[in-house]
Q: 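Below is a structure I'd like to ask you about.
Computed from heavy atoms alone, side chains included, the values below leave out hydrogens, waters and symmetry copies.
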Amino acid sequence: VEWDGIIWSSSGQSCTATASFQEGDSNGYASTEDTYIDGGATSTNYGSSTGFYADGSPFNQRGLVRFNDIFGTDEGKIPYNSTINGANITLEVSDTGNIGSIYKVLENWSEGRATYNNRLIGTAWSDGDGCSAFPSRSASAEGTFTASSAGSYTIDISNAVEDWTD
């Protein structure tokens, strides 16, 4: 999973920049959390898995990704209260034929703890169904795509990133 092309501007300052955040990239970014949750193994955590899955058959699998520590005053970070002019996430698809939807997760979760049943140890997803609906995630999708062929798909997530700047 790669998050690239975040373009921002900061109020009161005349600056525009593009930042890219990808785990282990040349910028030294190393704060990604990612896992997936699986309706076929509802109490299993996949935080240490090298795979990242989202599928609807035979069981619902939902990918979770979070880019921590991208906002702040340090070099290479996006200043707080910036205006996000554009942000994209790029996913590599290998299983074709499905419609993919990207939602903003609204509840705290942990890479090493999240399962289909729980977002943290002993704390269930509020929707009761593996982060499939509000209040666990946004009611409407940030973006959707149809995986008609294997390859990279880029989805605009500008609205979600704008919400994180405050």
Q: Any donor-acceptor pair under 3.5 Å linking the side chain of Ser82 with the backbone of Pro79?
A: yes
Q: Is there a side-chain contact between Arg66 and Val105, using heavy atoms and a 4.5 Å cut-off?
A: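 No, every pair of side-chain atoms sits at 4.5 Å or beyond.
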Q: Which class fits the ring pair Phe71 and Tyr80: parallel under 30°, tilted 30 to 60°, perpendicular over 60°?
A: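 Rings of Phe71 and Tyr80: parallel, under 30°.
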Q: Short question: side chain of Asn118, backbone of Ala124 - any donor-acceptor pair under 3.5 Å?
A: yes
Q: Within the structure provided, determine whether Thr144 and Ile155 are in side-chain contact (heavy-atom separation under 4.5 Å).
A: no
Q: Nearest 0.5 Å please: distance from the OG atom of Ser148 over to the CD1 atom of Ile99.
A: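 Here the interatomic distance stands at 11.0 Å.
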Q: If you define the side chain from C-beta out and look only at heavy atoms, does anything of Leu91 sit under 4.5 Å from Phe145?
A: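 SC-SC contact between Leu91 and Phe145 confirmed.
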Q: Among all residues two or more places apart in sequence or in another chain, which pass the ring-ring contact (aromatic ring centres under 6.0 Å, His included) test with Phe134?
A: none
Q: Would you please classify the geometry between the Tyr53 ring and the Tyr36 ring as parallel, tilted or perpendicular, with 30° and 60° separating the classes?
A: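 Answer is perpendicular, since the angle exceeds 60°.
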Q: Keeping the roles fixed (side chain from Glu107, backbone from Arg119), state whether a donor-acceptor pair exists under 3.5 Å.
A: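 Judged by distance alone, no pair lies under 3.5 Å.
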Q: Do the non-hydrogen side-chain atoms of Glu142 and Tyr103 ever get within less than 4.5 Å of each other?
A: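 Side chain of Glu142 against side chain of Tyr103, heavy atoms only: no contact under 4.5 Å found.
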Q: Any side-chain heavy-atom pair from Trp125 and Ile37 closer than 4.5 angstrom?
A: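 Answer yes - side chains close enough.
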Q: For Phe21 and Phe67, I'd like to know if the aromatic rings sit close, meaning centre-to-centre distance below 6.0 Å.
A: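 When the ring centroids of Phe21 and Phe67 are compared, they turn out to be at least 6.0 Å apart.
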Q: Indicate whether any N or O donor in one side chain lies under 3.5 Å from an N or O acceptor in the other, for Thr154 and Thr90.
A: yes
